[in-house]
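In what follows, chains carry the letters A, B, and so on, assigned in the order in which the sequence lines appear, proteins first and then strands, with residues in each chain numbered from 1.
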2 protein chains.
Amino acid sequence: MGVIERKEREKELRSESIIDAAERIFFNKGFEHATMNDVAEEAELSKGALYLYFHSKNELCMAILQRSLLILKGIFELLRDNNNLTGIEKFPKLAELFITFAKEHPNHYNSLLSYREHRENCPATGKIIMSTIEENKNINNIISDIIKMGQVDKTIKKDIDADKLSLALWGNFTGIMPSSILSEKVIPDFNPENIIEYHFELLLNAIKT
Amino acid sequence: MGVIERKEREKELRSESIIDAAERIFFNKGFEHATMNDVAEEAELSKGALYLYFHSKNELCMAILQRSLLILKGIFELLRDNNNLTGIEKFPKLAELFITFAKEHPNHYNSLLSYREHRENCPATGKIIMSTIEENKNINNIISDIIKMGQVDKTIKKDIDADKLSLALWGNFTGIMPSSILSEKVIPDFNPENIIEYHFELLLNAIKT
DNA sequence: ACAAAATATGACCATGGGTCACTTGGTGAC
DNA sequence: GTCACCAAGTGACCCATGGTCATATTTTGT
């Protein structure tokens, strides 16, 4: 009897539909001003039921953050698997794709940046945190793979440490400066995209063969 | 009669002592778990009085953040004014000093990283936000100046855009990756400091003459 | 048909940010 | 010296909201 399996599927579905509702509410009102009652209503459930699926408001946010990571992963995977580009050609595309992601999914991008805020309020060894960290590593591995492919096709210097560089880039993607992509020009005439692209240009010169 | 001046001084002093108290409380309990009552008690004032000096809990946090920026500014100024080093020699010191700052002032470092969180909840045109942005620009100018000095002493390529690079570095300093300096090793064997230093090493090769 | 288990409800609680009517004490005019 | 005035400070109070739990409903296996 597949009852247990079906129930599991339904539970998963319910969980997803709660996240759907939470996204609509949080993205609309902002995390701070959205209430769990709002989410419950939007999800057509009682507040109590929310807590059967997520331990806290912060954990619900982490679930959204995880979706953001998945979107980004998909984008980077596409780049990695593109066989028409050499490694070094893919490099500046990383910045380009990230900026595109930030502009096309501003809310999800925003959720990425609030990582620290929510993470602090979730149990460090909880399932959600663990799997979020895992997802994060996956993305770093994809970036790292792209660099390594460039080393194989000889367009990127062999002595570059791909793993370290991929982490540095990730830090760069999620810094305070890029976070202003959405909100402000840091300095007149300079918009944040230019800064990120310039940064990549410099690095490109440092790593190309 | 210097009464008005004296009162102004006293007001400033009171304000500073509230920030002192807030630092002790926030750094101890964490922003989330600290209450305004805690701060009031620590400052030997009533809760209502706090609101005569700061409009909200978030604004109080921004005041702390501003102090963090001032500490960092002082550190970078010292480097800028050191005449025994060439521009390019100063460059990797930027990373070194930042990491030292993060380790010696972990709480202030932490406060820097919560910029977005608190900023969102303060009026965008308020005095505190404005002066925080100003302070941030000051730091970027110092970094930029260091790079420009390297161009004058011919140790850094003339065609490097110092202003853009300084912003890129700032983004790098405050990314999610470096934020893990305090909390976790992202990947076994790699600690965040290594990543930042490696990043600087690559950039150094890209900008040196 | 029925008990047990899973799922869902919403009234309720505790907490804490922020307010405001009121008190206090220094100040300066007379 | 007196007194009206005002800035500075107080803390009881308001109320929004995250989270809980006793209870109700639905689904299940037998």
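- In this structure, Ala40(A) reaches neither bases nor backbone, as no heavy-atom distance under 4.0 Å exists between it and the strands shown.
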How far apart are the C-alpha atoms of Asp38(B) and Thr35(B), what are their side-chain angles, what is the distance that settles it, and do they pass the side chain to side chain donor-acceptor pair (under 3.5 Å) test?
CA-CA 5 Å; Asp38(B) 292 337; Thr35(B) 74; 3.3 Å; yes
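- Atom-to-atom, CD of Glu10(A) to C1' of dA6(C) comes out at 12 Å; the value is rounded to the nearest Å.
- The distance between atom NE2 of His33(B) and atom P of dG16(C), rounded to the nearest whole Å, is 9 Å.
- Non-hydrogen atoms lying under 4.0 Å from DNA chain C are contributed by Leu45(A), Ser46(A), Gly48(A), Ala49(A), Leu52(A), Tyr53(A), all within residues 41-60 of chain A.
- One can place CZ of Phe26(A) at 8 Å from P of dG18(D), the figure rounded to the nearest angstrom.
- For Glu117(B), there are no salt bridge (Lys or Arg N to Asp or Glu O under 4.0 Å) partners two or more places apart in sequence or in a different chain.
- Using the six-membered ring where Trp is involved, Phe98(A) and Phe173(A) have ring planes that are parallel, under 30° apart on the 30 and 60° scheme.
- Using a 4.0 Å cut-off, some side-chain N or O of Lys11(B) falls inside it from OP1 or OP2 of dA8(D).
- For Arg14(B), a side-chain nitrogen or oxygen approaches OP1 or OP2 of dG9(D) to under 4.0 Å.
- More than 12 heavy atoms of other shown residues, nucleotides or ligands fall within 6.0 angstrom of atom CD in Glu10(B).
- Shown here is Lys93(A), whose NZ atom has no more than 12 heavy atoms of other residues, nucleotides or ligands within 6.0 Å.
- Taking atom CG on Asn37(A) and atom P on dC12(C), their separation rounds to 15 Å, with Å as the unit.
- Between dT27(C) and Arg6(B), a contact under 4.0 Å exists linking OP1 or OP2 to a side-chain N or O.
- Rounding to whole angstrom units, CD of residue Glu32(A) and C1' of dT17(D) are separated by 12 Å.
- Atom C1' of nucleotide dA16(D) and atom CE of Met36(A) are separated by 15 Å, given to the nearest angstrom.
- The environment of His55(B) atom NE2 is sparse: at most 12 non-hydrogen atoms of other residues, nucleotides or ligands sit within 6.0 angstrom.
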